[in-house]
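On a predicted model such as this, the values are computed, not experimentally measured, just so you know. Just so you know, these numbers use all the heavy atoms, side chains as well, and skip hydrogens, waters and symmetry mates.
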Amino acid sequence: MKQIIFNVGGALSSYIEFDDKKLLVDIGKSQDFNPISDFLNPLFIKRNNEKSTFSPNKFKLDQLVISHPHNDHISSIKEFDDFFHADLLTCPNDNDGMPDGHKINWELFEESKNIDKLKEMLVGRTPPLRTTSDQNEFIYYIPPEECEDDKTLSNESYCNNISIVVFLIVNQHRVFFPADIQKEGMKYLLDNNFNLRNKLKGGVDVLVAPHHGLRSSFSTQMFGEMKNGKTNCLNVVSEKVNTSDNREVDTRYSTYEYCEGKNNIGGDENHYQVKTSRGHILIDYNPTNQPTFEIITDTDELIEKFNRI
C-alpha cells in the first residue's frame, strides 16, 4: 500500500493505492495545488491507466469517498468529474434506496456550485454506502437523522458530525481518517459502534487528525480506545490557518502521550506529528517493515516517487 496526504492548505485530500485498488478520500484543493489536475490526472496519463467503461473518455477510479460536502473537502470536484469516473462514489446523500434516517438534509448546507456538481454526480448511484474492499476498507458514520435530532450533535455541527470516517487495514498497517467529525460526534460514534472501537483497539499506525487537528475537536476518548492509548507511527494534520484560539491545532498531537513516533522523519529526533503545510506526505506501507515517510514539495518529484514505489 502507498498513500499521499496532499498539501492543500486548510482543505483535505488523500490518495491511496493498495492491492489493485485506487482510492481517493476527499478532494479539497488550495490556491497552489489541485490534487486532480496537478497530480492524479498527470499520474494516470503517465501510466496510461485504464479508462472507465461507464465514461470512456475518463479514467477509471475504484472509489471516491467524500466524507461530507463542505467546500474544503469537495473544492476540486469539477476537475475530478472532467477527468475521472469513480466506480463507487461514497458520500452522504439522499438517493432513493437510502433508509430515511440515513438521508442527508441538504437544507442544512450552504448552496454552492460544488454541491450542485456533487448532486449531479450522485444521480443514478445506488445505495447503500459501501467500500471497494470488504477485507481492507471500513466506513462508519452517524445516521444524519440521529445527528439532526440530537441537540448536542447538531449544535456542535450537523454538517461535520455526519462525516463518513474511513479505516484501512492493509499488510497489517492501519490508517484512520476521522474526517471532520467533532468531539461530541466522535463520542457518539464510538459509544454506538462496537466495530469501530474494535478496529481502534487493534491499533492505529497513521491518524489523519479529525477536523484538521483543531483543538475544539480533539478526542481523548478516541485515543483511549486505541491500542496503548496512542498512534504507532504518526499523527498528520491538514492545518487550517486561523488566529482564533478555538481554531488552533491541538498541541497534544505532537506529543509522545498520543503517538509512539515510530517513523523515519527527522533522523534521531522523535516526530509525533507532521502538518501538511510542510509539503505532501508520501507514505510507503512496506508489508514487512514500518511505513516510511517522506515530505515532498515538488509535484514532478511526487509523481515520480509515487510511481516508483
To check you understand the geometry: which heavy-atom pair defines the closest contact between [X] and [Y], and what is its length?
X      : Y      : result
Asn160 : Ser163 : O-OG, 2.6 Å
Pro210 : Tyr253 : CD-OH, 3.4 Å
Pro178 : Met186 : CB-CE, 3.7 Å
Val8   : Ser13  : CG2-N, 3.9 Å
Phe6   : Leu302 : CE2-CD2, 4.2 Å
Arg130 : Thr90  : O-OG1, 3.1 Å

Go through the steps to decide whether Asp180 and His70 satisfy the test side chain to side chain donor-acceptor pair (under 3.5 Å), and finish with yes or no.
CA-CA 9 Å; Asp180 275 8; His70 269 161; 4.7 Å; no

Below 4.5 Å, heavy atoms only, C-beta onward: do [X] and [Y] meet side chain to side chain?
X      : Y      : value
Leu200 : Phe167 : yes
Leu24  : Phe84  : no
Leu234 : Ile283 : no
Asn192 : Glu146 : no
Glu79  : Asn41  : no
Lys29  : Ser75  : yes
Glu301 : Glu294 : yes
Asn307 : Lys46  : yes

[X] side chain to [Y] main-chain N or O, any donor-acceptor pair under 3.5 Å?
X      : Y      : answer
Thr255 : Arg252 : yes
His280 : Thr299 : no
Asn263 : His271 : yes
Asn95  : Thr126 : no
Glu50  : Lys60  : no
Lys2   : Ile309 : yes
Asp38  : Asn34  : yes

Are [X] and [Y] grouped together when hydrophobic residues (ILVMFWY) are joined by side-chain heavy atoms under 4.5 angstrom apart?
X      : Y      : value
Leu118 : Phe83  : yes
Ile115 : Leu129 : no
Ile16  : Phe44  : no
Ile169 : Leu207 : yes
Met222 : Ile142 : yes

So that I can tick it off, tell me whether [Y] and [X] are bridged by a salt bridge, with the cut-off set at under 4.0 angstrom between side-chain N and carboxylate O.
X      : Y      : result
Glu17  : Arg47  : yes
Glu225 : Lys201 : yes
Lys21  : Asp19  : no
Lys187 : Glu184 : no
Asp205 : Lys262 : no
Lys78  : Asp81  : no

So is Lys230 actually on top of Tyr256's ring, under 6.0 Å and inside 45° of the axis?
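So Lys230 does make the cation-pi contact.
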
Is the count of non-hydrogen atoms from other residues, nucleotides or ligands lying under 6.0 Å from [X] atom [atom1] greater than 12?
X      : atom1 : answer
Asn155 : CG    : yes
Asn198 : CG    : yes
Lys227 : NZ    : no

Donor + acceptor pair across side chains of [X], [Y] (<3.5 Å):
X      : Y      : answer
Ser55  : His85  : no
Asp26  : Ser67  : yes
Tyr141 : His102 : yes
Gln3   : Ser14  : yes
Asp191 : Gln221 : yes

Would you compute the distance between atom [atom1] of [X] and atom [atom2] of [Y] and round it to the nearest 0.5 angstrom?
X      : Y      : atom1 : atom2 : answer
Thr297 : Ile295 : OG1   : CD1   : 10.0 Å
Tyr158 : Asp149 : OH    : CG    : 9.5 Å
Thr276 : Ile5   : OG1   : CD1   : 8.5 Å
Leu189 : Ile181 : CG    : CD1   : 4.5 Å

Begin with the C-alpha distance, continue with both residues' side-chain angles, and end with the deciding distance and a verdict on side chain to side chain donor-acceptor pair (under 3.5 Å) for Glu260 and Asn228.
CA-CA 9 Å; Glu260 289 282 354; Asn228 300 321; 4.6 Å; no

Are Phe39 and Phe306 an aromatic pair, judged by ring center distance below 6.0 Å?
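Judged by ring-centre distance (under 6.0 Å), Phe306 and Phe39 do meet the cut-off.
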
Less than 6.0 angstrom separating the ring centers of Tyr285 and Phe18, yes or no?
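No, they do not, as the ring centres are separated by 6.0 Å or more.
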
Through direct or indirect side-chain contacts below 4.5 angstrom among Ile, Leu, Val, Met, Phe, Trp and Tyr, which residues connect to Phe194?
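Grouped by the 4.5 Å side-chain rule, Phe194 forms a cluster of one, so the answer is none.
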
Go through the structure and list residues passing side chain to side chain donor-acceptor pair (under 3.5 Å) with Asp94, not counting sequence neighbours.
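Applying side chain to side chain donor-acceptor pair (under 3.5 Å) to Asp94 gives Trp106.
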
Would you please test Phe138 and Thr131 for side-chain contact (heavy atoms from CB on, under 4.5 Å) and show each step?
CA-CA 7 Å; Phe138 309 89; Thr131 64; 5.8 Å; no

Passing option when Ser217 is tested against Glu156, His211, Lys183 for side-chain hydrogen bond (donor to acceptor under 3.5 Å, both in side chains):
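That would be His211; it is the only one of Glu156, His211, Lys183 passing the side-chain hydrogen bond (donor to acceptor under 3.5 Å, both in side chains) with Ser217.
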
If the condition is ring-ring contact (aromatic ring centres under 6.0 Å, His included), which residues does Tyr258 pass it with, not counting sequence neighbours?
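Once residues adjacent in sequence are excluded, the partners of Tyr258 under the ring-ring contact (aromatic ring centres under 6.0 Å, His included) criterion are Phe218, Phe223.
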
